Amino acid sequence: MYSDDDDAALYDLLNAWDPGHWPGDAFYDELVAAAGSVLDVGCGTGSMLHWARENGHTGRLAGLDPDRAALARARRRADIEWVESTAAGARWQAEFDLATMTGHAFQCLVTDDELRASLAAIRAALRAGGRFAFETRHPQARAWEAWNPSNASDLTDAAGRALRVWHEVEAVADDVVTFTGTTAEPDGTVLRVDRTRLRFLDVGPLDGFLAEAGFEIEARYGDWQRGPVTAASREIVTVARRR
Ligand SMILES: C[S@@+](CC[C@H](N)C(=O)[O-])C[C@H]1O[C@@H](n2cnc3c(N)ncnc32)[C@H](O)[C@@H]1O
């Protein structure tokens, strides 16, 4: 009733990439512009790389994502490489200066095995000294507590269809949050329900996985203005370097 293609288009409407407006987008845009070759892991609809190419990036740009409908939108630009795969399935060897995971895509790596395999593949894709930049929501901010139907949003999609969307947490088990996202008619008639699991790693375990995978921390921030991680931080922003 609301297709994967519709859902991917809605994602773009709600999450337009705009470094002039969003500090997080500006943070990544600066790194991407300075890198000769970039691999965007969990690229979704590809908007970060689209922006980079449109704004003059002449180097190699590649995006990877397991979501076919999202990638179909990414493929609207043919001057960027697009690969349908999970991070763990990536097979590049020492080809990129920078790898990114934006939009909290890193939190989709839920199990220890998936995390280890993904970090190993990302590290392998980077040249010696290459960087991996990503962010993960700090568990102390308990972002999931705002994901409830009382925070439903009413909106109109790109096709002019009126919608109501909301989230609802099903379970919080250790550092994994399971929740649903519902897309409905304004009267509440449900069109689709998507279930997601996200991992909320704290700094200690995160750095343990990175060290084990062969990364060292080059920079760590608690916000997009490059402030330190504090007891009030909502984000853990990491720039790691391939050892
Ligand atoms: C919230 S979206 C972020 C998309 C994009 N990076 C952005 O900033 O708009 C998370 C993305 O991670 C992708 N994803 C989920 N599991 C993944 C995995 N194991 N490896 C790589 N990407 C994954 C999803 O398909 C989705 O496109």
Side-chain angles (χ1 to χ4, degrees), residues 3-19 21-32 38-54 61-77 80-92 96 98-126 132-137 143-144 146-147 165 167 176-181 183 192 194-201 209 213 224 235 237-238:
S3 71
D4 290 351
D5 291 344
D6 290 339
D7 196 49
L10 182 61
Y11 183 87
D12 271 346
L13 185 73
L14 299 179
N15 302 281
W17 190 266
D18 185 356
H21 188 73
W22 301 111
D25 296 0
F27 178 89
Y28 286 109
D29 191 49
E30 204 174 293
L31 290 172
V32 169
V38 182
L39 170 62
D40 188 21
V41 179
C43 65
T45 56
S47 52
M48 182 185 80
L49 296 182
H50 284 198
W51 177 282
R53 191 63 94 209
E54 277 156 23
L61 300 176
L64 166 143
D65 201 286
D67 184 325
R68 184 166 296 180
L71 265 193
R73 289 185 69 78
R75 288 196 165 107
R76 289 178 300 171
R77 274 203 87 108
I80 297 170
E81 297 166 47
W82 304 109
V83 174
E84 186 180 324
S85 172
T86 60
R91 291 290 173 264
W92 289 285
F96 294 96
L98 174 70
T100 54
M101 283 189 95
T102 71
H104 303 106
F106 184 81
Q107 293 186 250
C108 295
L109 310 176
V110 171
T111 67
D112 288 2
D113 285 351
E114 183 78 3
L115 258 169
R116 289 193 175 103
S118 302
L119 288 172
I122 292 166
R123 182 183 180 280
L126 288 169
F132 174 37
F134 64 97
E135 86 281 1
T136 185
R137 296 178 186 87
W144 61 86
W147 301 345
V165 297
H167 296 96
V176 177
V177 176
T178 306
F179 65 100
T180 56
T183 307
R192 68 181 284 149
D194 297 286
R195 179 172 284 102
T196 304
R197 290 201 314 151
L198 294 180
R199 187 156 182 183
F200 286 73
L201 275 174
F209 280 109
W224 297 115
E235 302 283 348
V237 182
T238 303

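In each ligand, atom 1 is the first atom listed, and ligand 1 is the first ligand listed. As the structure is a prediction and not an experimental result, all values here were calculated from the model.
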Verdict with reasoning, Glu84 to Arg68, per salt bridge (Lys or Arg N to Asp or Glu O under 4.0 Å): CA-CA 7 Å; Glu84 186 180 324; Arg68 184 166 296 180; 3.1 Å; yes
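- Screening Asp67, Thr45, Asp5, Asp12 for a side-chain hydrogen bond (donor to acceptor under 3.5 Å, both in side chains) with Arg73, the sole residue that qualifies is Asp12.
- When only interatomic distances are considered, the shortest N/O to N/O separation between Glu114 and ligand 1 falls below 3.5 Å.
- Partners of Asn15 under the side chain to side chain contact (heavy atoms under 4.5 Å, CB included) rule, at least two apart in sequence or in another chain, are Tyr11.
- The shortest contact between atom 8 (O) of ligand 1 and any protein heavy atom is with Thr102 OG1, 2.6 Å.
- Note: His167 and Trp147 have tilted aromatic rings, judged against thresholds of 30 and 60 degrees for the angle between ring planes.
- A heavy-atom separation below 4.0 Å is not found between Asn15 and ligand 1.
- The distance from ligand 1 to the heavy atoms of Asp67 drops below 4.0 Å at these ligand atoms: 25 (O).
- In summary, the atoms of ligand 1 found under 4.0 Å from a heavy atom of Tyr11, numbered by their order in the structure, are 1 (C), 2 (S), 3 (C), 4 (C), 7 (C), 9 (O).
- Ring to ring, His21 and Trp224 are not that close: their centroids are 6.0 angstrom or more apart.
- The single protein non-hydrogen atom nearest to atom 26 (C) of ligand 1 is Asp65 OD2, 3.5 Å, given as residue, atom name and distance.
- Here Arg195 pairs with Glu170 under the side-chain hydrogen bond (donor to acceptor under 3.5 Å, both in side chains) rule; sequence neighbours left out.
- The residue from Met101, Arg116, Arg199 that alone fulfils the side-chain contact (heavy atoms from CB on, under 4.5 Å) condition with Leu109 is Met101.
- Taking a 4.0 Å cut-off on heavy atoms, Met48 fails to register as neighbouring ligand 1.
- Shortest contact from atom 5 (C) of ligand 1 to any protein heavy atom: Gly42 O, 3.4 Å.
- We find the OG1-CZ distance between Thr100 and Phe132 to be 8.0 Å, quoted to the nearest 0.5 Å.
- Summary of contacts: the protein heavy atom closest to atom 12 (O) of ligand 1 is Ala105 CB, 3.6 Å.
- Among protein heavy atoms, atom 16 (N) of ligand 1 sits closest to Cys108 CB, 3.5 Å.
- Given atom 21 (C) of ligand 1, the protein heavy atom at minimum distance is Ala87 N, 3.4 Å.
- Put simply, part of Cys43 is less than 4.0 Å from ligand 1, judged by heavy atoms.
- Close contacts of ligand 1 with Gly103, meaning ligand atoms under 4.0 Å from a residue heavy atom, involve 1 (C), 3 (C), 8 (O).
- Between Trp22 and Tyr28, the distance separating the two ring centers is not shorter than 6.0 angstrom.
- Judged by the shortest distance from any of its heavy atoms, Pro66 lies inside the 4.0 Å radius around the atoms of ligand 1.
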